[in-house]
Amino acid sequence: MDKKKQAFNTKVIHAGEPDPRIEGAINVPIFQSSTFEFEGQTDYNDLKYIRLNNTPNHVALHKKLAILEGAEKALVTSSGMSAITTTLLTFLKNGDHLIANNTLYGGTADYIKNDLPDYGIEVDFIDAGDPSNWADYIKSNTKVIYVETITNPLMQIGALDKVVEFAKENNLISMIDNTLASPTLFCPIQHGFDISLHSATKYLNGHSDIVAGAIIGDDPYISMISSKLNHLGGSLDPHACFLLHRGIKTLSIRMEKQCESALIIAKFLEKHPKVSSVNYPGLSSSPSHRRAKQLLCGFGGMISFLLEGGIPAADDLISKLQIPISTASLGGVESLITRPVQTSHSLLSDEELQLAGIEKSLIRISVGIESVDDLIEDFEQALK
Ligand SMILES: *Cc1c(COP(=O)(O)O)cnc(C)c1O
């Protein structure tokens, strides 16, 4: 069988595995060795060393991730933020300009707004859902456009196909944070993006037990980022590589279940009299529904919603729920619930929250793989 034609569910298990298997082992063993014997390499980046991200644990993961998103190459990093900052610093120099979506993961937004100007890099923010005025922001020094597949916490989907067109027309490098979609729902490189970024801490690993990142794309981009990463030092430890590798093997079944349960929960919440609004791209009421159907292979496992009764009602619900755990982060097998202004979005000022349309009482749930009947029953009792 042509391996390229294999289904995603087959690829998550088998793609990129060492051939032949190492000592016949079904899993890539953990190579807990910082350095490896010199083999006459002539390029520094080819010396086998954990910081250079090229041990057998890294190599197998890189192959698997590249195949899953249909790209030439991939790189794993010590965290999602390491993937994002290393990639931005590879392509942006003093005097350059960046265009980014106006709602981004809190850490990314904070880095772009407060750290990049220290390096002489300017930024302008656009609404990725509305291409009408993007051209107004183009300058002679604009180099990069940066967006996210599904925004957090409002679960909006931008005009991603238009972002790709706009980047090509204006000779920009297009970067997309694909964390919330994962390759199960969206493969950015196949859609024409230059670089796909992940917090592998979330859906890719799926078990809330490591912090990791991934960068996926074609050469020469990935080789350039790899050299930068070797200098900045954001390498992933081999043990974390092993856990990430193991986690990825269940990505498709986890994500299928999470999408299915999230739609059921979103519909339940939308009908509940104590719920005033629900953000989920799978609902026909969502302003992103049409785009989600057109661009993604599913609607994702993340929902946000507002209750009648504001912050006290939100905190009351979170404390009464027995299954979802109250915490930041997302994409694990366990359902996680939070008020983003207390966790993921606590760096944003009141003005920034208002601009982004994020209410302080907004609740966000990352749906896990528990029985959806149990989750619904839990919401029913907690909303009483
Ligand atoms: C969590 C997250 C990040 C940051 O990833 P870390 O692994 O925590 O460094 C970046 N982007 C998105 C969308 C995230 O959810």
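Numbering of ligands and ligand atoms starts at 1, following listing order. Since the model is a prediction, treat every value here as computed from it, not as a measurement.
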So does Lys64 pair up with Glu17, basic N to acidic O under 4.0 Å? yes

Residue that, paired with Phe268, satisfies side chain to side chain contact (heavy atoms under 4.5 Å, CB included) out of Leu383, Leu375, Val372: Leu383

Side chains of Asn178 and Glu148: is there a donor and an acceptor less than 3.5 Å apart? no

Element-labelled atoms of ligand 1 that are located less than 4.0 Å from some non-hydrogen atom of Ile84: 10 (C)

Note: Ala212, heavy atoms under 4.0 Å from ligand 1, region reported as backbone

Aromatic rings Phe242 and His239: how do their planes relate, parallel, tilted or perpendicular, breaks at 30° and 60°? parallel

re atom 10 (C) of ligand 1, the protein heavy-atom contact at minimum distance is Tyr105 CD2, 3.4 Å

Check this for me, if you would: do Arg291 and Asp161 make a salt bridge, where the nitrogen-to-carboxylate-oxygen distance has to be below 4.0 angstrom? no

Which one of Lys202, Met302, His198, Met81 has a non-hydrogen atom at the shortest distance from atom 15 (O) of ligand 1? Lys202

Is there any N or O on Thr201 that sits under 3.5 Å from an N or O of ligand 1? yes

Distance filter under 4.0 Å to Asp177 heavy atoms, resulting ligand 1 atoms: 10 (C), 11 (N), 12 (C), 13 (C)

Could you walk me through whether Glu352 and Lys113 pass salt bridge (Lys or Arg N to Asp or Glu O under 4.0 Å), step by step? CA-CA 12 Å; Glu352 287 169 327; Lys113 267 184 240 162; 2.8 Å; yes

Does Gly80, backbone or side chain, put an N or O under 3.5 Å from an N or O of ligand 1? yes

